Amino acid sequence: MFKTIRTDSDNLDFIGLVKFLDADLAERDGNDHAFYAQFNKIAKIKHVIVAYENGKPMSCGALKEYDPLTAEIKRMYTSPDKRGKGIASLVLAELEIWAKELSYTKCILETGKRQPEAIGLYKKNGYKSIPNFGQYIGIENSLCFEKEVG
């Protein structure tokens, strides 16, 4: 049984999961990692979901304001041994609910072409491909998605 909590980026379980995420991304992104890392700082994120199984943190995600009507989904990660069990979809759904409660009408996100699990997760959960936004414009390895939530 999975349990989720709402917290912020000071949560030690979130910080621990993000270290695993960053290590995974450094390996997948190779020389591109430094570019992406500058946009993935976690200080001062007010809206974080952490999912637990039997008290152990297994998955996380966060949202940040992109503009007054749009929340950006950030820092999605699930422990490799827990993938394929629906936990990432649960975290994503909780982030969407929270975004709607905060009066956002859509969620956007960026993921890398070298992250097929993430691409599959977002498509499975109703995210549609959009042109790259913001700092990802012109970045060949980036794929951007959006979903209406409000």
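Because the structure is a prediction, the values reported are computed rather than measured.
- No more than 12 heavy-atom neighbours from other residues, nucleotides or ligands sit within 6.0 angstrom of NZ on K128.
- Side-chain contact between T70 and T105 is absent, with no heavy-atom pair separated by less than 4.5 Å.
- Ring centroid separation for the pair Y104 and Y66 does not come in under the 6.0 Å cut-off.
- A side-chain N or O of N125 and one of S89 form a donor-acceptor pair less than 3.5 Å apart.
- Atom NZ of K100 has 12 or fewer heavy atoms from other residues, nucleotides or ligands within 6.0 Å.
- Looking at I108, L92, T111 one by one, the single match for side chain to side chain contact (heavy atoms under 4.5 Å, CB included) with I73 turns out to be L92.
- Nearest approach of W98 to L63, heavy atoms of both residues: CB-CD2, 4.3 Å.
- Across P131 and C144, no two heavy atoms sit closer than the pair O-CB, 4.0 Å.
- Considering only heavy atoms from C-beta on, K106 stays 4.5 Å or farther from K147 through its side chain.
- Here the side chain of D8 pairs no donor or acceptor atom with the backbone of K44 at under 3.5 angstrom.
- K113 places a side-chain N or O within donor-acceptor distance of the main-chain N or O of E140, the cut-off being under 3.5 Å.
- At a cut-off of 3.5 Å, with distance as the only test, a side-chain donor of Y52 or D13 sits close to an acceptor on the other residue.
- Inter-residue side-chain proximity for D67 and E72 is flagged as unmet; no heavy-atom pair is nearer than 4.5 Å.
- Here the side chains of S9 and F14 are in contact, with some heavy-atom distance below 4.5 Å.
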